[in-house]
Amino acid sequence: MLHVCPHPLTLFPKKGEGELDSKSLPRMGEGFRVRDSKLGCTPFVNSDSQKMLLSLVNRGTIVQVEWLSVKIPVIKKTSHSCCQGHYILMVKERTLPAIDTSTLQISHELGLKLYEDMVLGRSFEDKCAEMYYRGRMFGFVHLYNGQEAVSTGVIKGMRPDDFVCSTYRDHVHALSAGVPPRQVMAELFGKATGCSKGRGGSMHLFSAEHHLLGGYAFVAEGIPVATGAAFQTRYRRDALGDPAADQVTACFFGDGASNNGQFFECLNMAVLWKLPILFVVENNKWAIGMAHERATSQPEIYRKASVFGMPGVEVDGMDVLSVWSVAQTAIARARAGEGPTLIEALTYRFRGHSLADPDELRSKSEKEEWFSRDPIRSLSTYLTDNQICQDTELKRIDQNIKTLIEDAVEFAENSPEPDPRDLYKYVFAED
Amino acid sequence: MAETFLFNALRAAIDEEMHRDPSVFVLGEDVGQYGGSYKVTKDLYEKYGDLRLLDTPIAENSFTGMAVGAAMTGLRPIIEGMNMGFLLLAFNQIANNAGMLRYTSGGNFKIPLVIRGPGGVGRQLGAEHSQRLEAYFQAVPGLKIVACSTPFNAKGLLKSAIRDENPVLFFEHVLLYNLKETLPEEEYLLPLDKAEVVREGNDVTILTYSRMRHHVLQAAKTLTKSGYDPEIIDLISLKPLDFETIGASIRKTHRVIIVEECMRTGGIGAELIASINDRLFDELDAPVLRLSSQDIPTPYNGVLENLTIVQPTQIIEAVEKMLTNPY
């Protein structure tokens with residue numbers, strides 16, 4: 001059997017059990033690939049590749065194994081005292097890109113702003129789970145826990161007149177874009193005071209006032225819409241001669257969408273017409289139950305930008321300062337009319353795909369590894385360690401957000417249902 | 001204006017509206033430098049430049065979604081479907097985003113968008129290029145569907161469609177582009193939601209649209225010589241249906257024949273019959289008769305293709321049968 005070594009993400013067979021056997025290896029459906037110089041790559045998940053891996057390991061061959069999205073660089077004898085002498089599968093996450101944030105000037109004000117937005121996102125989603133289980137909201141509800149650094153790091157560095165386009169996992173993007181928590185909560189309750197007047201629900205949050213182009217419930221369908229908003233800005237600037245038209249559009253989507261044609265088609269058009277847009281892939285490794293590596297021939301999504309001649313950057317999506325840093329570069333580039341950027345943020349959702357997902361496929365060790373990198377905790381540690389903010393200030397924010405969320409729930413509870421006489425309202429522009 | 005081809009009437013409509021409103025632009029395959037496959041945007045590229053006549057890559061779903069995004073943020077895009085059949089590739093963006101987004105957004109956004117291009121059965125273009133899509137789209141909430149049939153109505157309707165605040169699917173017919181008609185010199189607009197009474201009559205109401213209007217008119221020549229007096233209505237608006245005009249006619253004639261190019265199953269005619277039964281059943285002296293295309297992919301062979309769509313002789317026979325053998 002596999003055991004988790006106290007050293008992060010190290011798996012090894014128990015002492016005395018001899019050689020690795022099939023039980024020691026990923027079960028079917030978890031998937032892995034093996035690369036070595038003799039055999040090349042076996043791209044498929046099947047029992048043959050399991051057998052092959054076993055035989056290689058037991059012959060002492062050094063191979064590189066990719067397990068799900070996890071790369072296991074070598075299989076070797078461990079040197080750790082706790083597990084010395086055992087074969088060790090060093091389960092290593094994709095190497096995180098090092099973004100130098102040491103030169104970033106994080107002011108007291110900015111630190112608090114980022115922290116507040118992330119806590120708002122987290123607390124809001126936790127409250128959603130509670131309200132869902134209490135029967136206050138319905139349908140499919142996809143929570144954003146764990147990914148906050150991406151929404152905050154990108155959107156909080158944009159202007160209020162910039163555009164944001166989201167997916168079905170859209171609550172936190174809406175909040176970062178400035179949609180009041182009351183309006184988002186009321187929408188989830190299906191109330192007339194919701195940002196989509198109770199017509200949209202969790203996956204269809206919209207706010208023209210806050211330039212939120214919407215939550216798009218089908219995977220990848222928001223990408224063309226966001227591209228259109230970016231085209232509009234370019235059109236205003238160059239066809240209508242409006243020098244003030246320098247808005248940037250941030251288009252969020254997941255690793256699953258990056259295998260869809262609309263992704264490639266829009267990357268192509270955005271470069272072709274130098275559109276002011278950020279394509280932000282939130283690679284949380286899983287498209288419901290489909291591990292990213294099982295769905296794509298090139299797991300490093302940011303590399304896909306290169307074929308279009310577009311800058312592609314990968315960033316630690318659990319580090320808001322890194323996200324902020326790469327987003328600032330991309331925003332400045334877009335605003336200057338230099339074109340789009342593809343940002344791949346390596347992140348993780350702390351909950352299942354939706355509140356209806358039993359979340360059985362993701363391994364405990366994988367989850368624990370990512371939980372240990374909680375972006376909110378990392379930021380608060382950074383802010384206090386570097387004496388940018390006081391712990392008491394952060395606690396005050398926590399408290400304020402708690403009050404804000406309670407207020408949002410109360411508002412949603414007390415808001416009216418949409419008027420049945422308005423059933424047909426909003427079908428056409430004149431309604 | 002001298003005698004004008006239908007394709008030039010459309011071109012004039014686009015040109016006038018682009019001149020009038022700088023937020024109007026055209027996008028699609030070969031609309032710019034090439035001037036459009038049916039020359040509806042000929043020379044407009046030189047006049048308005050490459051952003052306002054945007055040649056897109058062949059990526060229907062994405063450029064349609066892009067037009068939706070541009071419309072949501074204040075522009076007024078006109079998409080040319082090089083062939084309307086290609087729009088099947090953009091069905092998601094047309095249905096989910098153009099059609100439904102205003103509603104799902106609770107009125108946050110409006111989508112003033114025209115999607116226009118040639119549809120219908122042409123001359124041996126094969127199944128994929130000879131589609132009758134109007135029925136596929138009629139169930140999508142939030143879309144207006146319009147079919148033009150003459151140079152005069154093509155121009156007036158397209159101008160109105162461009163000014164409309166909603167997504168409008170604007171069907172042209174591939175075999176009508178070379179129709180000629182003298183158009184008014186002065187500017188005119190035609191309402192999108194009004195059917196056109198093409199010929200007044202008392203015996204029977206013939207409801208039709210697009211190219212079938214001309215088949216019906218051809219049949220009417222023979223029928224009137226034989227003493228029949230049909231009322232011919234071009235629906236123009238396939239969604240919503242103009243029941244004011246349709247109702248007034250049925251209350252007069254009490255008999256209805258539908259002549260359509262779309263397929264019989266789930267077609268525009270099917271919806272018409274259901275709506276007539278709902279609203280006007282007591283006015284009917286006979287069951288509504290429906291002449292539709294056959295429920296088959298349009299065959300390539302010319303003989304088979306002619307058998308697929310309704311021919312004037314069938315219309316004559318239908319009218320004679322209905323009026324000489326009253327139920």
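In what follows, chains are A, B, ... by sequence order, proteins preceding strands, each numbered from 1.
Interface residue A:Arg236: only side-chain heavy atoms are found under 4.5 Å from chain B. With a threshold of 4.5 angstrom between heavy atoms, A:Ala226 does not approach chain B through any atom at all. With a threshold of 4.5 angstrom between heavy atoms, B:Ile111 does not approach chain A through any atom at all. Contacts between A:Leu272 and chain B at a heavy-atom distance below 4.5 Å involve the side chain alone, from C-beta outward. B:Asp50 does not touch chain A: none of its heavy atoms, backbone or side chain, sits under 4.5 Å away. Looking at A:Tyr216, the atoms closer than 4.5 Å to chain B (heavy atoms on both sides) all sit in the side chain, from C-beta outward. Residue A:Asn268 touches chain B through its side chain alone, counting heavy-atom pairs closer than 4.5 Å. When heavy atoms are compared at a cutoff of 4.5 Å, B:Gln93 approaches chain A solely by way of its side chain, counted from C-beta outward.
Smallest separation of non-hydrogen atoms from A:Phe218 and B:Asn92: CD2-OD1, 3.1 Å. When every heavy atom of B:Met72 is checked against every heavy atom of A:Leu213, the shortest pair comes out as CE-O, 3.3 Å.
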B:Arg52 and A:Tyr235: side-chain contact (heavy atoms from CB on, under 4.5 Å), yes or no, with the steps? CA-CA 8 Å; B:Arg52 299 193 67 194; A:Tyr235 185 96; 2.9 Å; yes

Give the intermediate values and the outcome of ring-ring contact (aromatic ring centres under 6.0 Å, His included) for residues B:Phe25 and A:Phe231. CA-CA 12 Å; B:Phe25 74 103; A:Phe231 175 79; 5.2 Å; yes

Can A:Phe206 and B:Leu101 be said to form a side-chain contact (heavy atoms from CB on, under 4.5 Å), step by step? CA-CA 9 Å; A:Phe206 292 88; B:Leu101 191 143; 3.8 Å; yes

Going through the checks in order, is the side-chain contact (heavy atoms from CB on, under 4.5 Å) test met by B:Leu54 and A:Trp273? CA-CA 10 Å; B:Leu54 185 70; A:Trp273 300 320; 3.7 Å; yes

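Counting heavy-atom pairs closer than 4.5 Å to chain B, the top residue among A:Gln262, A:Gln232, A:Lys425, A:Glu187 is A:Gln232. For chain B, the option among A:Glu221, A:His204, A:Glu430 with the highest count of heavy-atom pairs below 4.5 Å is A:Glu221. Comparing A:Ser207, A:Ala239, A:Gly194 by heavy-atom pairs within less than 4.5 Å of chain B, the highest count is held by A:Ser207. The choice from B:Lys144, B:Arg102, B:Lys110 that makes the most heavy-atom pairs within less than 4.5 Å of chain A is B:Arg102. Taking B:Leu143, B:Leu75, B:Thr56 one by one and counting their heavy-atom pairs under 4.5 Å with chain A, the maximum is reached by B:Leu75.
Separation of atoms CZ (B:Phe109) and OG (A:Ser196) is listed at 9.0 Å; rounding is to 0.5 Å. Atom CG of B:Leu51 sits about 4.5 Å away from atom CZ of A:Arg234, to the nearest 0.5 Å.
Counting only distance, with no hydrogens or angles, the side chain of B:Asn166 and the backbone of A:Phe428 share no donor-acceptor pair below 3.5 Å. Although no hydrogens or angles enter the test, the distance criterion places a donor-acceptor pair under 3.5 Å between the side chain of B:Asn108 and the main chain of A:Cys195.
Residues of residues 57-71 of chain B placed with any heavy atom under 4.5 Å of a heavy atom in chain A are listed by number as B:Pro57, B:Ala59, B:Asn61, B:Ser62, B:Phe63, B:Gly65, B:Met66, B:Val68, B:Gly69, B:Ala70.
Remark: B:Glu46 CD is packed, more than 12 non-hydrogen atoms of other residues, nucleotides or ligands lying under 6.0 Å away. Within 6.0 Å of CD on B:Glu128 lie no more than 12 heavy atoms contributed by other residues, nucleotides or ligands. For CZ of B:Phe91, the number of neighbouring non-hydrogen atoms (other residues, nucleotides, ligands) closer than 6.0 Å is greater than 12. Atom OH of B:Tyr34 is surrounded by 12 or fewer heavy atoms from other residues, nucleotides or ligands within 6.0 Å. Counted within 6.0 Å of NZ on B:Lys42, heavy atoms from surrounding residues, nucleotides or ligands total 12 or fewer; the atom is thus considered open.
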